[in-house]
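Here the structure comes first, spelled out in structure tokens, and everything after it is commentary.
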Number of protein chains: 2
Amino acid sequence: MMKKVSLQDISQSLNISKGTISLVLNGRGDEKRVSKKTQEKIIKFAQKHNYKANQLARGLSMGKSDMIGLIVPNISDSFYARIARRIERKARLHGYNVVFSSAGESKDRESELIQSMLDRQVDGLIIASSQKNENDIKRLKRNKFPFVLIDRHYPNIKTNYVGVDNIGGISAAVEQLITLGRRRIGFVTLKPGLEAIHERALGYTQTMEKHGLSIEEGFIKELDYENIEVEISNAIKTMVSSPTSIEGIVFATHYLTAAGLRELKKLKIRVPYDVAIISFAQMSAFDLIEPPITSVIQPVDELGDKAVDILLKNLRKEVKDYERFKLKTELVIRKSCGAQ
Amino acid sequence: MMKKVSLQDISQSLNISKGTISLVLNGRGDEKRVSKKTQEKIIKFAQKHNYKANQLARGLSMGKSDMIGLIVPNISDSFYARIARRIERKARLHGYNVVFSSAGESKDRESELIQSMLDRQVDGLIIASSQKNENDIKRLKRNKFPFVLIDRHYPNIKTNYVGVDNIGGISAAVEQLITLGRRRIGFVTLKPGLEAIHERALGYTQTMEKHGLSIEEGFIKELDYENIEVEISNAIKTMVSSPTSIEGIVFATHYLTAAGLRELKKLKIRVPYDVAIISFAQMSAFDLIEPPITSVIQPVDELGDKAVDILLKNLRKEVKDYERFKLKTELVIRKSCGAQ
DNA sequence: TTGAAAGCGGTACCAA
DNA sequence: TTGGTACCGCTTTCAA
């Protein structure tokens, strides 16, 4: 790479001190009463030689990097990818670049990544945590490091957080099935561990109870995230056959829905005639599936925006406390739930 | 944020010079013949106080940041998201963090982002370019800055590049339709501009010609990327009705497929009975759609890996010239093409 | 075997 | 209005 011009270089060529040049190039020339003509000279020279400040040096000197770190379980999951897109866009508008990493569901990986980003001197973090990493989150908080949790959070640690209304979302799904006459409604979800999953389970049980519907043995299936493809088969099979004989299923995540539907098709179960289904969270082709999938849509853009908003406020030290948001979801009704 | 310990701090507390401490903490203590006991003292102290080097300072001093920049049109597109995932993973294994940005299809945005990353002193770049930004690419090349183009490339500029075999991929798709007896085969694609799109068009025309099939008026539809949802309607309508009366359609991208299929369903065209379809590139739920979509799969993981491999080689200056790869695609046959 | 100092490329403060 | 200098935190070279 061609050697870049530095302040030093300009200083020598022009016989002007680095300090003045720095001021002018940062637009503080007038404010600091640098004469018009030196300003001009500097700016002309800088443009001609295409001077660009070294952000590493700048960061070191100013004690900030203008970078924010984004850690998610998996950037290739459309949910996080869409959030990432939004976060990056908004961050850039405010002069920040974002460095990202996927941590899987591993506490250790997540911990390493956080440390790696701190070493890089990111000014703030946005994290969709594995929720097994209480230590780091507490440490960040204790050190007053600016960060906001998204999607996944630690209910017992008071931190900034932006997520969605899981209970409300699932409730709407269950209600919809009930409205359409289903009473034996099942819930396919993940093994406990994530707060969001816990809340979705609550949404299911509360709504069933509210309508006086009993949750029988076999109505709830908790699968292992690492082993969904295998476990789904048995889960669906037992649900649809007697004595469970489910009439409707709510899936707790989009990928559970996809896996479940694959199995239902394999078993030649007719959706929604035999079993109606609704998905919490969506995939881009859900409207093209036969039948089109009713799903609870999460406000992804809003989530990303809000996270950045909060982080920026923290970076500007405009806050004393923490903020928590549970964004409203929306139920998009399509044929899979038995509507129409 | 709690004040972090610096080399300075350790130096004062221990009465050992920063230099030696730096050596030891970088594992070069033995090599540089630092006595066992000072090494121990340093390491113990560092661990106890949780010393972590400031990577900004380190980068400034060493003239490298251990960061690589990734620029794609849209990180929320599953294709790029999956590549990003892979790139980040592999980069991290080699000690690099990655900062990413979405440039849309805008030359100016892309140009800004490249500059922003260069200012940040990234050690290398991986770019899926808008292909309207010849200037920057040439400049990077002229300056011997390490970078590799992915997916999109400039055929007239000799640079590192990893893409897929577009011609072969589309050919396989067209051949498949021909094998299944379709002769009036159409091609729905984007307006020219991207090399990959050009190649896919070539794949289509060449294969049709090879089999002596004429490409009649209306067989090829070129849509505007910004306006697909609107234009697709007319495109599909005219294709399926006389005189065009298409029997099969190859879509040049996954989102064109999704849009096209939506329209076909709306028109109640039966796929594959009335019209068989094949998609170049895939979406995660393509197997769940009715009918399941035959598609040309791109080797996303391999693409990401290869890009990082090449970049790393360049970062280590192990290369004089440039490398180009066209990775093989795979045709996954499902019902939408009329098979079975 | 260890220390001292220069340098990386900026910013900011104090004098002049 | 401008210059000089210290400093950010690390690496590296040269002496001791």
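Only heavy atoms go into these numbers, but all of them, side chains included; no hydrogens, no water, no symmetry mates. To find a chain, count down the sequence lines: A is the first, B the second, and so on, and within it residues start at 1.
Comparing Lys32(A) and Ala57(B) by the nucleotide of DNA chain D that holds the closest heavy atom to each, the one mapping nearer the 5' end is Lys32(A). Each of Lys18(B) and Leu56(A) was assigned the nucleotide of DNA chain C with the nearest heavy atom; the assignment lying further toward the 5' end belongs to Lys18(B).
Of all nucleotides listed (dT11(D), dG9(D), dT11(C)), dT11(D) comes nearest to the side chain of Ser22(B). Of all nucleotides listed (dG10(C), dG3(D), dT2(C)), dT2(C) comes nearest to the side chain of Ser35(B). With distances taken from any side-chain atom of Leu60(B) to the nucleotides dC10(D), dT2(C), dC8(C), the minimum falls on dC8(C). Residue Ala53(A) places its side chain closer to dG10(C) than to any other of dT11(D), dG10(C), dT2(C). Closest to the Met62(B) side chain, of the nucleotides dT11(C), dG3(D), dT11(D), is dT11(D).
As judged by a 4.0 angstrom heavy-atom cut-off over every strand, Gly19(B) is placed among the base-contacting residues. If you check every strand for non-hydrogen atoms under 4.0 Å, Asn15(B) touches sugar and phosphate atoms only.
Atom pair Lys52(A):NZ and dG9(C):C1' shows a separation of 16 Å (rounding to whole Å applied). Per the geometry, CD belonging to Gln8(B) stands 7 Å off P belonging to dC8(D), to the nearest Å. Following rounding to the nearest Å, Asp66(A) (CG) and dC8(D) (P) show an atom-to-atom distance of 20 Å. Protein atom CZ of Arg58(A) is 17 Å distant from nucleotide atom C1' of dC8(C), rounded to whole Å. If you take NZ of Lys41(A) and C1' of dT2(D), they are 11 Å apart, rounded to a whole angstrom. Spacing between atom CG of Leu25(A) and atom P of dT2(D) amounts to 14 Å, rounded to whole angstrom units. Spacing between atom CG of Leu23(B) and atom P of dT12(D) amounts to 8 Å, rounded to whole angstrom units. A straight line from CG of Leu7(B) to C1' of dT11(D) spans 9 Å, rounded to a whole angstrom.
For dA12(C), the OP1/OP2 oxygens have a side-chain nitrogen or oxygen of Arg28(A) closer than 4.0 Å. Arg33(A) has a side-chain polar atom (N or O) that falls below the 4.0 Å cut-off from OP1 or OP2 of dT1(D). Between Ser17(B) and the phosphate of dA4(C), there is no side-chain N or O to OP1/OP2 separation shorter than 4.0 Å. Distances shown here put every side-chain N or O of Ser6(A) at or beyond 4.0 Å from the OP1 or OP2 atom of dC8(C). Listed pair Thr20(A) / dT1(D) fails the phosphate criterion, with no side-chain N or O lying under 4.0 Å from OP1 or OP2. The phosphate of dT11(C) (OP1 or OP2) has a side-chain N or O of Asn26(A) nearer than 4.0 angstrom.
For the side-chain contact (heavy atoms from CB on, under 4.5 Å) criterion with Leu125(A), the lone passing option out of Ile137(A), Leu118(A), Leu311(A), Val148(A) is Leu118(A).
Remark: Lys158(A) is not positioned above the aromatic ring of Tyr322(A), lacking an NZ or CZ atom under 6.0 angstrom from the ring centre and at most 45 degrees off the axis.
A salt bridge is absent between Glu40(A) and Lys36(A); no separation between the charged side-chain nitrogens and carboxylate oxygens falls under 4.0 Å. Ion pairing of Asp309(B) with Lys90(B) is present here, as a side-chain N (NZ or NE/NH1/NH2) and a carboxylate O approach within less than 4.0 Å.
In the interface, the side chain of Ser61(A) is not paired with the base of dG9(C) through any donor and acceptor atom under 3.5 Å apart.
Defined by atom type and a distance below 3.5 Å, a donor-acceptor pair is present between the side-chain atoms of Glu110(A) and Asn133(A).
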If you apply the rule side-chain contact (heavy atoms from CB on, under 4.5 Å), what do you find for Leu7(A) with Leu25(A), and how did you get there?
CA-CA 10 Å; Leu7(A) 278 192; Leu25(A) 262 19; 4.2 Å; yes

